[in-house]
Amino acid sequence: MYRKLLFELGREGRKGHILPRCDVPEKPIGEVIPVQHLRENPADLPQVAENEVVRHYTALSTMNHHVDKSFYPLGSCTMKYNPKINEKLAGIPAFSQLHPDQNLSQVQGALQILYELQEYLKSITGMDAVTLQPAAGSQGELVGLLLMQRYHKAKRENRSIILIPDSAHGTNPASAAISGYKIETLKSNNRGVVDLNDLKAKISRDVAGLMLTNPNTLGIFDHQVKEIKDILESVDALFYMDGANMNALFGIVRPGDMGFDVMHLNLHKSFSTPHGGGGPGSGPVAVNKKLMDYLPRPTVKFDGNKYYFDDMDDQSIGRVHSFFGNFSLLLRAYIYIRMVGAYGFSKISEHAIVNANYLYEKLKNRYRLGFESRTMHEFVLSAEKQKEKGGKAMDIAKRLLDFGIHPPTVYFPIIVKEAMMIEPTETESKEMLDYFADAMIQIDDEINEDAEKLHQAPYTTPVRRLDEVAAARNLNINYFYSNK
Ligand SMILES: *Cc1c(COP(=O)(O)O)cnc(C)c1O
């Protein structure tokens with residue numbers, strides 16, 4: 001399906017407004033704007049009426065899948081519905097028109113929000129201090145690793161190894177490599193959790209820390225946190241929790257109480273700020289007392305009377321974001337926390353876990369389970385049986401699009417063959433879960449009848465099956481260029 005671009009829709013002189021006639025003497029433009037700032041040729045912008053613009057973007061917004069349109073069970077990504085009140089409040093000019101360099105006395109309200117958000121995140125995680133600066137979960141990981149480096153350096157130790165289980169999120173080894181560490185992979189046992197014998201074999205005073213995604217990418221909660229912590233403590237190694245899966249833990253258990261030293265949160269996952277499409281994210285890092293002094297500065301402080309920024313400290317790893325992080329996302333997360341409240345937060349995880357386990361039960365007879373263990377807020381199916389009959393995980397994913405559903409994460413985690421990682425989140429109704437399960441079962445029936453049909457899917461989307469490799473290798477997003 002081809003839609004005309006705004007440039008093609010435009011007609012010379014068409015516009016979306018009428019201004020009153022000028023009733024003051026007109027000045028030459030060069031007197032209003034300094035000549036050196038004037039452009040030589042007018043910008044080549046499409047000339048369109050307001051209704052054309054609105055219809056154009058409304059139509060575009062329905063061509064892609066998004067969470068306002070339908071179910072989005074993309075494992076690991078927590079694509080929960082984002083309440084519109086977040087957007088409404090974040091859009092009010094008192095927030096959206098603030099300048100980050102404004103005098104602190106004029107922005108006390110904004111600082112109060114940052115301060116209280118730090119406090120809420122401390123109490124949600126059970127940690128002692130928080131930085132709001134990191135702009136993504138993965139940047140949070142990098143911050144955590146730099147904090148670890150500082151910690152060991154302060155003890156005049158040079159440690160070179162980070163231990164990472166094979167069930168960790170892929171950003172963990174990437175962040176460890178970027179911060180200069182050597183990575184040693186820990187095996188999972190047959191229950192899908194860390195193999196403690198492998199950990200015991202690999203622990204040494206060369207280990208700076210261990211990064212545990214918990215629940216891990218199989219959706220399994222590693223119940224051995226205490227044992228792992230004891231092993232790490234015996235060599236003074238630090239314990240990092242990848243907290244992107246906090247949607248499974250709210251109100252049930254706190255990382256600080258479990259003995260983690262440092263963790264990140266993904267506000268754009270568990271705290272309902274929008275994500276996807278590479279837009280801004282927010283990955284605050286929370287630490288215990290061991291690492292507090294090394295946090296990025298500034299953080300927001302309160303002296304009982306006014307809010308202010310603390311100064312850069314020699315021990316701090318420094319700034320990791322301009323100004324204070326992505327303020328508008330921090331604001332949305334703050335609104336969400338205030339709206340949901342402490343009781344609501346425990347319900348988030350309960351419902352997320354029940355929803356995932358409901359689907360697990362409905363699908364386990366048709367699809368092989370990645371691991372037998374009970375899961376938390378997400379679970380992994382394997383399409384191995386289906387592949388033998390000619391329908392791979394990718395074919396199933398593409399066919400789901402015809403049902404108006406975003407596919408699960410596929411081929412990840414890599415320790416499960418033909419993996420399909422399903423995370424329904426807490427915001428979906430039983431009817432929607434049933435619709436998804438029925439679609440998955442119908443697709444399995446289709447594979448039994450005529451697997452070839454799946455190879456052509458999707459049939460009903462604006463574009464059919466894309467060559468994803470070519471699209472990434474020969475990136476061409478320039479209309480004028482591609483038109484030549
Ligand atoms: C999403 C995710 C990350 C990375 O977070 P980004 O904000 O995408 O950088 C890390 N770990 C886990 C478990 C995740 O789900």
Side-chain angles (χ1 to χ4, degrees), residues 67 72-80 82 121 125 131-146 162 164-179 183 186 188 192-194 209-222 239-250 255 260 262-286 320-321 325-326 329-330 332-333 349 352 356 370 375-380 406 408-416 419-425:
V67 78
Y72 208 140
L74 187 66
S76 197
C77 295
T78 315
M79 303 303 284
K80 62 170 80 174
N82 308 317
L121 297 182
T125 58
T131 169
L132 301 175
Q133 283 182 24
S138 41
Q139 197 190 7
E141 292 166 20
L142 179 62
V143 167
L145 289 154
L146 295 177
I162 295 288
I164 302 180
D166 58 9
S167 62
H169 194 266
T171 49
N172 293 190
S175 305
I178 282 181
S179 46
I183 296 140
L186 297 177
S188 297
V193 294
V194 171
L210 183 154
M211 297 177 88
L212 189 70
T213 305
N214 205 20
N216 62 29
T217 54
L218 300 163
I220 299 171
F221 184 82
D222 199 317
F239 202 5
Y240 186 98
M241 185 172 117
D242 179 330
N245 291 336
M246 270 305 280
N247 229 47
L249 305 182
F250 287 134
F260 288 96
V262 45
M263 67 175 297
H264 78 263
L265 293 162
N266 293 56
L267 299 189
H268 48 287
K269 294 179 180 170
S270 343
F271 294 80
S272 96
T273 74
H275 67 302
S282 184
V285 169
V320 297
H321 195 287
N326 283 326
L329 293 208
L330 299 168
R332 285 171 175 88
S349 297
T375 57
M376 301 284 286
H377 66 304
E378 63 188 348
F379 64 104
V380 181
H406 194 286
T409 299
V410 289
Y411 301 107
F412 181 82
I414 50 181
I415 48 179
V416 175
M420 290 187 297
M421 186 189 200
I422 300 166
E423 182 181 11
T425 81

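Computation of the quantities below employed the complete heavy-atom set of this structure, encompassing side-chain atoms and omitting hydrogens, waters and symmetry-equivalent molecules. If you're wondering where the values come from, they're calculated on a predicted model, not measured in any experiment. Remember, it's 1-based here, ligands and their atoms both numbered in the order they're listed.
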Legend entry - Identity and separation of the nearest protein heavy atom to atom 11 (N) of ligand 1: Asp242 OD2, 2.5 Å

Legend entry - Flag side-chain contact, heavy atom, 4.5 Å: Leu218 against Thr375: no

Inset, instruction - Please identify which atoms of ligand 1 are closer than 4.0 Å to at least one heavy atom of Ala244. - result: 2 (C), 11 (N), 12 (C), 13 (C), 14 (C), 15 (O)

Inset, instruction - Answer yes or no for Gln139: is there a heavy-atom contact with ligand 1 below 4.0 Å? - result: no

Inset, instruction - Go through the steps for Glu378 and Ser76 under the test side chain to side chain contact (heavy atoms under 4.5 Å, CB included), then give the verdict. - result: CA-CA 8 Å; Glu378 63 188 348; Ser76 197; 4.3 Å; yes

Inset, instruction - Would you check, one step at a time, whether the test side chain to side chain contact (heavy atoms under 4.5 Å, CB included) holds for Met211 with Asp242? - result: CA-CA 7 Å; Met211 297 177 88; Asp242 179 330; over 6 Å; no

Legend entry - Identity and separation of the nearest protein heavy atom to atom 6 (P) of ligand 1: Gly137 N, 3.5 Å

Legend entry - Numbered atoms and elements of ligand 1 in range of Thr213, under 4.0 angstrom, heavy atoms: 13 (C)

Legend entry - His275 side chain to His268 backbone, donor-acceptor under 3.5 Å: yes

Inset, instruction - Would you mind checking which non-hydrogen protein atom is closest to atom 9 (O) of ligand 1, with the distance to 0.1 Å? - result: Ser138 OG, 2.6 Å

Legend entry - N or O contact, Ser76 vs ligand 1, cut-off under 3.5 Å: yes

Legend entry - Options Glu378, His169, Lys269, ranked by nearest heavy atom to atom 1 (C) of ligand 1, top entry: Lys269

Legend entry - Heteroatom distance test (Ala136, ligand 1): nitrogen or oxygen, under 3.5 angstrom: no

Legend entry - Within-4.5 Å side-chain heavy-atom neighbours: Asn245 and Met376: no

Inset, instruction - Quick one: look at Glu141 and ligand 1, take heavy-atom pairs under 4.0 Å, and tell me if it's side chain, backbone, both or neither. - result: side chain

Inset, instruction - Spell out, as yes or no, whether a donor-acceptor pair under 3.5 Å connects the side chain of Thr217 to the backbone of Ser167. - result: yes

Legend entry - Short N or O distance, His264 and ligand 1, threshold 3.5 Å exclusive: no

Legend entry - Aromatic ring pairing His406/Tyr72, orientation class (parallel under 30°, perpendicular over 60°, tilted between): parallel

Legend entry - N or O contact, Asn266 vs ligand 1, cut-off under 3.5 Å: yes

Inset, instruction - Establish, from distance only, whether the side-chain atoms of Asn266 and Thr78 form a donor-acceptor pair under 3.5 Å. - result: no

Legend entry - Intermediate values then yes/no, side chain to side chain contact (heavy atoms under 4.5 Å, CB included), Leu249 and Met241: CA-CA 12 Å; Leu249 305 182; Met241 185 172 117; 3.8 Å; yes

Legend entry - Identity and separation of the nearest protein heavy atom to atom 4 (C) of ligand 1: Thr171 OG1, 3.8 Å

